[in-house]
There are 2 protein chains.
Amino acid sequence: MRLSSLADYAVVMMTAAAREGAGGRSNATLLAGQTGVPLPTAQKLVSRLASAGLIESTRGTGGGIRLARDADTISLADIVEAVDGPIALTACVDGAAHDCGLEMQCRVRPHWHVVNQAVRAAFSGVTLATLAADPVESQVMDVSPRPGVFA
Amino acid sequence: MRLSSLADYAVVMMTAAAREGAGGRSNATLLAGQTGVPLPTAQKLVSRLASAGLIESTRGTGGGIRLARDADTISLADIVEAVDGPIALTACVDGAAHDCGLEMQCRVRPHWHVVNQAVRAAFSGVTLATLAADPVESQVMDVSPRPGVFA
DNA sequence: TCCAATCGGACGGATTTGGTCCGATTGGCA
DNA sequence: TGCCAATCGGACCAAATCCGTCCGATTGGA
């Protein structure tokens, strides 16, 4: 039940990218410097995030990356799935690969689907805009929904 | 974001053990036969589950294992944490080990705590009694639209 | 007292993950 | 128009973790 390091890094990098503003451009080298992620790893993540359609990348001199959508339309689930693949607690829940090996008419399986959806909902409920918000406010009261909260 | 195979097996085995009834005794060999889990692996799991206090094991001839508590007081979170360790999405959320490596005053960290709690709640909400219940009932409540599928 | 049955911990192999490097592509500049 | 610099994109390799197996320790019955 632990998130992969790559996914963790990706979230941090996307948060840094979001702080550049809507049209602000950045690049892998810059993000690596801001976040502390090793540069080669940052490059790999940029590649994956671009493939998933979360960021747009332009090559060549003066190129860089840019958020493909607004920050409030990108959820934590999007980022994690872009790096780690679909959020699937067990092999049963994702469509493919039913080589469960366990003979019996698995009684547990239908329940996994419910749990999996709950987990995914927890990730989908957090947007990148929330993550990029001022840390002071979010640090003090996170769960309580104060009125007029940025985002 | 995938559960370990060991944890998956443990859930299946605990479900099988719960179907033995409150005071019903079983053993690692029997559970392995019922669930399809390889015997050595089943033994390892029994060991861990006993250490966590979820089951009580007695050695010697005629020994075996037995649920330490009622099935409705054992949650999915208990089983998973007994095998995989604490449910912690990142290294930040579990108390120890703050060797994050990332310099900056991590803006993302306070949010991880919220997500982690939500995930843990999803696991805590499902009891072993629910898992051991008649699959027909749980199947109806399930999202799976097609009738009479599984396996 | 001996024997059989069961749990408990230790070891080795295998798959996945994470990190690094080099090539392909593009825009700017002389 | 040709060259060069900067950037992304994919492939390779090492490391760590996870899974499966085996053997020893312990206990109750005959």
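Naming convention: chains lettered A, B, ... in sequence-line order (proteins, then strands); numbering from 1 in each chain.
If you measure from atom CG of B/D8 to atom P of D/dC19, you get 10 Å, rounded to the nearest angstrom. Rounded to an integer number of Å, the gap from CG of A/L39 to C1' of D/dA6 is 12 Å. In this structure, OH of A/Y9 is placed 16 Å from P of C/dT17, rounded to the nearest angstrom. Rounded to whole Å, the distance from CG on B/L6 to C1' on D/dT17 is 12 Å. The distance from atom CD of B/E56 to atom C1' of C/dT6 is 16 Å, rounded to the nearest whole Å. Atoms CZ (A/R2) and C1' (C/dT16) sit 17 Å apart, rounded to a whole Å. When the P atom of D/dC8 is taken as reference, atom CG of A/L49 falls 12 Å away, rounded to whole Å. The separation between A/L30 atom CG and D/dA6 atom C1' is 14 Å, rounded to whole Å.
Between A/I65 and A/K44, the one whose closest nucleotide on DNA chain D sits nearer the 5' end is A/I65.
B/N27 and B/G64 get closest at one heavy-atom pair: CB-CA, 4.1 Å.
Using a distance-only test at 3.5 Å, with no hydrogens or angles considered, no donor-acceptor pair links the side chain of A/R25 to the main chain of A/R66.
One finds a side-chain N or O of A/S47 lying less than 4.0 angstrom from the OP1 or OP2 phosphate oxygen of D/dG10. When the side-chain nitrogen and oxygen atoms of B/S57 are compared with OP1 and OP2 of C/dG8, one or more of them lie within a distance under 4.0 Å. Applying the 4.0 Å criterion to OP1 and OP2 of D/dC19, one finds that B/S5 has a side-chain N or O inside that range.
In DNA chain C, the stems built from three or more successive Watson-Crick or G-U pairs (distances below 3.5 Å) are C:1-30 with D:1-30.
Of the candidate nucleotides C/dC7, D/dT21, D/dG9, D/dG9 has the atom nearest to the side chain of A/V46. In the set C/dC7, D/dC19, D/dG20, the nucleotide with an atom closest to the side chain of B/N27 is C/dC7.
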Return a table of donor-acceptor pairs under 3.5 angstrom between the side chains of residues 80-92 of chain A and protein atoms on other chains or two or more places apart.
residue	atom	partner	partner atom	Å
A/E81	OE1	A/R120	NH2	2.9
A/E81	OE2	A/I87	N	3.3
A/E81	OE2	A/R120	NE	3.0
A/E81	OE2	A/R120	NH2	3.2
A/D84	OD1	A/S4	OG	2.6
A/D84	OD2	A/S4	OG	3.0
A/T90	OG1	A/C92	N	3.3

>> Apply side chain to side chain contact (heavy atoms under 4.5 Å, CB included) to residues A/V37 and A/L31 and explain how you reach the verdict.
In response: CA-CA 8 Å; A/V37 175; A/L31 289 180; over 6 Å; no
Please produce a list of atom pairs where a protein N or O lies less than 3.5 Å from an N or O of nucleotides 22-26 of chain D.
residue	atom	partner	partner atom	Å
D/dA25	N3	B/R59	NH2	3.3
D/dT26	O4'	B/R59	NH2	3.3

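In this structure, B/T61 reaches the bases: a heavy-atom distance under 4.0 Å links it to at least one base atom across the strands shown.
B/L45 and B/L30 are not part of a single hydrophobic cluster, where members link through side-chain heavy atoms under 4.5 Å apart.
With no hydrogens or angles considered, no side-chain donor-acceptor pair links A/D70 and A/T73 at under 3.5 Å.
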